[in-house]
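Worksheet: the structure to be examined is printed underneath.
What you see is a predicted model; the values in this text were computed from it and never measured.
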Amino acid sequence: MRKDELRQLIRQRKAQHLTGKQPLCQVYPAACEEARIVLVYSALPDEVPTQSLLDHLVAAGKTVLLPRVVNDTDMELRHYTGRHDLQPGAYGIMEPVGQPFTEYEQIDVAIIPGMAFDREGHRLGRGKGYYDRFLSRVPNIYKIGLCFSWQLVDSVPTDEHDIRMDETVTVN
């Protein structure tokens, strides 16, 4: 199956499983327990919600980072200390307005969204390559793909530039 075909399949599954209201999800990957600095995403309506995770990480005293799209190819990271740090940004994503963070090699864990994942850690993104470009610059980050169980597929088609996840966490 080609990437565009898999994206269409996942869009069909989303239409079946998501009914317009984002479900509440309590997820806290074990790798976050020992991490000091964690990169998370601010969820779109069709992604696993991360607000409770963000709140938990901040309450636990972790340094929390969120990506912010800066142009058609790049994103930057910003500190997140609470919901007041968010404002609508690119693609309708709530993006951080906190202080910029550039010491990428200090990030312990990155929690990454995707359209689909497989059990081998391969990830299908939305096709813009933001995360693959970023993660290629920091290969030592522990990468966790976060998805609904219906986003887990047998095989994700990959290209040489696609970055593999170290772990995939699924929620129902």
Keeping the roles fixed (side chain from [X], backbone from [Y]), state whether a donor-acceptor pair exists under 3.5 Å.
X      : Y      : value
Asn71  : Thr73  : yes
Glu167 : Lys143 : no
Gln8   : Glu5   : no
Thr170 : Cys147 : no
Asp108 : Ile37  : yes
Arg7   : Gly125 : yes

Please report the closest heavy-atom contact between [X] and [Y], naming both atoms and the distance.
X     : Y     : value
His79 : Asp85 : O-OD2, 3.9 Å
Tyr41 : Leu66 : C-CD2, 3.8 Å
Cys32 : Leu57 : CB-CD2, 4.0 Å
Gly98 : Arg78 : O-CD, 2.8 Å
Pro49 : Ala43 : CA-CB, 3.8 Å
Lys62 : Glu33 : NZ-O, 2.7 Å

* Verify side-chain contact (heavy atoms from CB on, under 4.5 Å) between Asp55 and Arg83, making sure each step is shown before the conclusion. => CA-CA 8 Å; Asp55 293 343; Arg83 296 174 194 218; 2.6 Å; yes
I want to check something: taking the side chain as every heavy atom from C-beta on, are [X] and [Y] in contact at a cut-off of under 4.5 Å?
X      : Y      : value
Phe148 : Leu18  : yes
Leu9   : Met1   : yes
Asp162 : Lys3   : yes
Phe134 : Asp74  : no
Val64  : Leu54  : yes
Arg123 : Asp132 : yes
Tyr131 : Met75  : yes
Ile107 : Leu65  : yes

* Could you give me the CA-CA distance, side-chain angles and deciding distance for Glu103 and Gln106, then say whether side chain to side chain donor-acceptor pair (under 3.5 Å) is met? => CA-CA 6 Å; Glu103 298 167 12; Gln106 292 186 14; 3.0 Å; yes
* Can you list the steps and then say if Val38 with Thr63 is a side-chain contact (heavy atoms from CB on, under 4.5 Å)? -> CA-CA 6 Å; Val38 182; Thr63 297; over 6 Å; no
What donor-acceptor contacts under 3.5 angstrom involve side-chain atoms of residues 109-122, with partners at least two apart or in another chain?
residue: Asp118; atom: OD1; partner: Glu120; partner atom: N; Å: 3.0
residue: Asp118; atom: OD1; partner: Gly121; partner atom: N; Å: 3.2
residue: Asp118; atom: OD1; partner: His122; partner atom: N; Å: 3.0
residue: Asp118; atom: OD1; partner: His122; partner atom: ND1; Å: 3.3
residue: Asp118; atom: OD2; partner: His122; partner atom: ND1; Å: 3.1
residue: Asp118; atom: OD2; partner: Val156; partner atom: N; Å: 3.0

* To do: Start with the C-alpha gap between Ile144 and Thr168, add the side-chain angles, then the distance that decides, and say whether side-chain contact (heavy atoms from CB on, under 4.5 Å) holds.
  => CA-CA 5 Å; Ile144 300 173; Thr168 301; over 6 Å; no
* Should the pair Tyr104 and Phe101 be assigned to parallel (<30°), tilted (30 to 60°) or perpendicular (>60°) ring geometry? -> tilted
* Whether Tyr28 and His56 hold their rings parallel, tilted or perpendicular, with breakpoints at 30° and 60° -> perpendicular
* To do: Please lay out, stage by stage, how Asn172 and Trp150 fare under the test side-chain contact (heavy atoms from CB on, under 4.5 Å).
  => CA-CA 8 Å; Asn172 290 329; Trp150 46 265; over 6 Å; no
* Any chance you could measure Ser42, atom OG, to Glu47, atom CD, to the nearest 0.5 Å? => 8.5 Å
